[in-house]
K.L.:
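Have a look at this one.
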Amino acid sequence: MNFVKRAGMSLGARKSKTAALLAIFVVLCTLLLGGFLLQAAAARQEADAQRVIGVDVTVRQKGLTPALADELGASDVVNRYNPRLPVRAAARGLAPLTSDAPQPGGEAGEPDQAPLAVNGVRDAGLLLPFSYGSTKITAGRGIGPEDADRDIALIERRLADRNHLAVGDIVRVLSADGAHPMPLKVVGIFQDPTQDPSSWTPPHELPGNTLYVPMATAQQLGTDTGTVGEAVYRIGSPDRAERLHAEAERVLGESGFDFRVNDKAYQDQVRPIQQVGVFAGLIVQVIALAGALILGLIVTLQIRERRTELGVLLAMGERKWKLIGQHAVEVAAVALPAVAVAALAGQLAGQSAGDALLGPQDDTPSAQHGAPDPGAVAGPTVRVEPGTVGRVAGIGLGISLVSTVVPGIGILRLHPRSILTDSE
């Protein structure tokens, strides 16, 4: 009789033991699938976190121009970047804030012809006060790369309150020399927690007189080409900082610039995700090893229980490798439906398990400064994909093969006469 057909008849005749073997396989395959799903979800969430949170690198250099900052920002290791170009501007039809303290000397000096501190930016979300969450947008939105050609402004709440400005209003400013008037549309209002100084302070140094505009607008307001005060570059992970430093040496020269890496947010949010991924990998390895050992022990006990059956088959001329093949087919036939049951269980319970172990990551820099990023890191997405089920099936069949072939070596030493004599 064909050993495959004989394996099917054996499974049908031993229904209780077949059911117990199926239950063991279902548990093993479910745990294996859970480990793979958790690994994949952690990898996806880590990639999203690297893109959204990342690591901020601040570069400062005397004479750093917007063109050099853009060249460094074009590096393939940079996800986002923001140079800050400080300029002075005069106000037209806009009442700037003034210090309440008396000016030293007892007499009022000449009025400041450029009382507004204007900062040209490319991506306001990367400004350090916004990234850290100390400064927040209370109305409207920030300035992004898509606003490069727009005449818009992000203004401080105190200046907006004094001039009764709201999002959508127009403010008019002049270059410091008064030669370039420019109307700006207010797209956002932010709140700086810095208190007004108690002593007299020039208007352009008051925190309420700060405006943020696109880089091109700041260049038009400036009386010269201007130099960037600092540039912030967001990279995916700390290990990419060395590559960016090498690129900065190429663009800016090997010395004369300050290069600072801030990876606190990355360490706080990405490292736990990586640890979950490593834990899931260890789970898969331990389960595979434990499964092979447990099933190997079960098959060994079954071989001992079926010594008489094996002796009869050997006496009838059945080859020993076919007896081993019969046991392998029996175990594999139970493994395949167990994989299907595990896939169904993963589809039903995988998402809740992923949420419990990984959890949503909502505390992103984008959310902190009031401009939600459409790609912000949300909860983990757990998907049962055919490739993952295939890996589980492959490991399950591998476990079934190892757990039958290794104990089956003992079959090679069996002799039908001794088996039948011992059973009498």
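Position 1 is the first residue of the sequence, and the numbers go up from there.
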K.L.:
Among residues two or more places apart or on two chains, list those pairs meeting salt bridge (charged side-chain N to carboxylate O under 4.0 Å, His left out) that have a residue in residues 15-28.
P.N.:
Lys17-Glu305
K.L.:
Tell me the closest heavy-atom pair linking Asp169 and Ala166, and the distance in Å.
P.N.:
OD2-N, 2.8 Å
K.L.:
For Phe36, what residues pass the ring pair (Phe, Tyr, Trp, His ring centres under 6.0 Å) criterion, not counting sequence neighbours?
P.N.:
none
K.L.:
If you compare all heavy atoms of Pro183 against all heavy atoms of Asp151, which two are closest, and at what distance to 0.1 Å?
P.N.:
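For Pro183 and Asp151, the tightest heavy-atom pair comes out as O-CB, 3.6 Å.
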K.L.:
Using the side chain to side chain contact (heavy atoms under 4.5 Å, CB included) rule, pick out the option among Val87, Leu159, Leu154 that qualifies with Leu211.
P.N.:
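It is Leu159, the one option of Val87, Leu159, Leu154 that forms the side chain to side chain contact (heavy atoms under 4.5 Å, CB included) with Leu211.
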K.L.:
Taking the side chain as every heavy atom from C-beta outward, state whether Arg172 and Pro181 have any pair of such atoms under 4.5 Å apart.
P.N.:
no
K.L.:
More than 12 heavy atoms of other residues, nucleotides or ligands under 6.0 Å from CZ of Arg60: yes or no?
P.N.:
yes
K.L.:
Give every donor-acceptor pair under 3.5 Å between a side-chain atom in residues 116-128 and any protein atom, sequence neighbours left out.
P.N.:
| from | atom 1 | to | atom 2 | distance (Å) |
| --- | --- | --- | --- | --- |
| Asn119 | OD1 | Arg84 | NH1 | 2.8 |
| Arg122 | NE | Tyr81 | OH | 3.4 |
| Arg122 | NH1 | Tyr81 | O | 3.3 |
| Asp123 | OD1 | Arg80 | NH2 | 3.1 |
| Asp123 | OD1 | Gly125 | N | 3.2 |
| Asp123 | OD2 | Arg80 | NE | 2.9 |
| Asp123 | OD2 | Arg80 | NH2 | 2.9 |

K.L.:
Looking at Thr217 and Met182, what are the two nearest heavy atoms and their distance?
P.N.:
CG2-SD, 3.2 Å
K.L.:
Stepwise, does the side chain to side chain contact (heavy atoms under 4.5 Å, CB included) test hold for Val77 with Tyr233?
P.N.:
CA-CA 9 Å; Val77 300; Tyr233 298 88; over 6 Å; no
K.L.:
Can you check whether Ala114's main-chain N or O pairs, donor with acceptor, with Arg88's side chain at less than 3.5 Å?
P.N.:
yes
K.L.:
Step through the shown structure and confirm whether more than 12 heavy atoms of other residues, nucleotides or ligands are within 6.0 Å of CZ on Arg162.
P.N.:
yes
K.L.:
Can you list the steps and then say if Phe190 with Glu156 is a side chain to side chain contact (heavy atoms under 4.5 Å, CB included)?
P.N.:
CA-CA 5 Å; Phe190 68 93; Glu156 213 276 332; 3.4 Å; yes
K.L.:
Within a strict 4.5 Å, meaning less than it, do heavy atoms of the Leu165 and Leu94 side chains meet?
P.N.:
yes
K.L.:
Applying side-chain contact (heavy atoms from CB on, under 4.5 Å), can you list everything that pairs with Glu247, at least two apart in sequence or on another chain?
P.N.:
Leu72, Ser75, Arg250, Val251
K.L.:
Enter the distance from Thr201:OG1 to Asn209:CG here, rounded to the nearest 0.5 Å.
P.N.:
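That separation rounds to 11.0 Å.
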K.L.:
Side chains of Leu22 and Pro337, heavy atoms from C-beta outward: is any pair under 4.5 Å?
P.N.:
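Yes - at least one pair of side-chain heavy atoms lies under 4.5 Å apart.
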K.L.:
What are the two closest non-hydrogen atoms of Ile152 and Pro214, and how far apart are they?
P.N.:
O-CD, 3.4 Å
K.L.:
Kindly compute the distance separating OG1 (Thr135) from CZ (Arg157), expressed to the nearest 0.5 Å.
P.N.:
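Answer for the OG1-CZ pair, Thr135 versus Arg157, is 11.5 Å.
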K.L.:
Give, for atom NZ of Lys62 and atom CG of Asp258, the distance between the pair rounded to the nearest 0.5 Å.
P.N.:
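If we round to the nearest 0.5 Å, Lys62:NZ and Asp258:CG are 15.0 Å apart.
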K.L.:
So, do Gln267 and Lys264 sit near enough that their side-chain heavy atoms are less than 4.5 Å apart?
P.N.:
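SC-SC contact between Gln267 and Lys264 ruled out.
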K.L.:
Any chance you could measure Phe259, atom CZ, to Leu244, atom CG, to the nearest 0.5 Å?
P.N.:
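The CZ atom of Phe259 sits 4.0 Å away from the CG atom of Leu244.
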K.L.:
Once rounded to the nearest 0.5 Å, what's the spacing between atom CG of Leu289 and atom CG of Leu293?
P.N.:
4.5 Å
K.L.:
Looking at every heavy atom in both Ala90 and Pro115, which two are closest together, and how far apart are they?
P.N.:
CA-CD, 3.9 Å
K.L.:
Report yes if the side chains of Leu85 and Gln219 come closer than 4.5 Å at any heavy-atom pair, otherwise no.
P.N.:
yes
K.L.:
Using a 4.5 Å cut-off on heavy atoms from C-beta on, say whether the side chain of Asp56 contacts that of Ser131.
P.N.:
yes
K.L.:
Around Asp149, counting heavy atoms of other residues, nucleotides and ligands shown, do more than 12 lie under 6.0 Å from its CG?
P.N.:
no
K.L.:
Are the side chains of Thr210 and Asp192 in contact, using a 4.5 Å heavy-atom criterion?
P.N.:
no
K.L.:
Just wondering, do Leu97 and Pro203 contact through their side chains at under 4.5 Å, heavy atoms?
P.N.:
no
K.L.:
What do you reckon, is CD of Glu254 surrounded by more than 12 foreign heavy atoms closer than 6.0 Å?
P.N.:
no
K.L.:
Run the side-chain contact (heavy atoms from CB on, under 4.5 Å) test against Leu28 and tell me which residues pass, sequence neighbours left out.
P.N.:
Ile24, Ile287, Leu295
K.L.:
Between Asp147 and Arg141, is the side chain to side chain contact (heavy atoms under 4.5 Å, CB included) condition met? List the steps.
P.N.:
CA-CA 11 Å; Asp147 297 315; Arg141 63 176 180 86; 2.8 Å; yes
K.L.:
What's the verdict on side chain to side chain contact (heavy atoms under 4.5 Å, CB included) for Phe25 and Val341, showing C-alpha distance, side-chain angles and the deciding distance?
P.N.:
CA-CA 10 Å; Phe25 254 116; Val341 175; over 6 Å; no
K.L.:
According to side-chain contact (heavy atoms from CB on, under 4.5 Å), who are the partners of Glu242, at least two apart in sequence or on a separate chain?
P.N.:
none
K.L.:
Provide the closest heavy-atom pair for Pro207 versus Pro197 in the form atom of the first, atom of the second, distance.
P.N.:
CD-CD, 4.4 Å
K.L.:
What distance separates His245 NE2 from Leu252 CG, expressed to the nearest 0.5 Å?
P.N.:
9.5 Å
K.L.:
Taking everything shown except His180 itself, do over 12 heavy atoms lie less than 6.0 Å from its NE2?
P.N.:
no
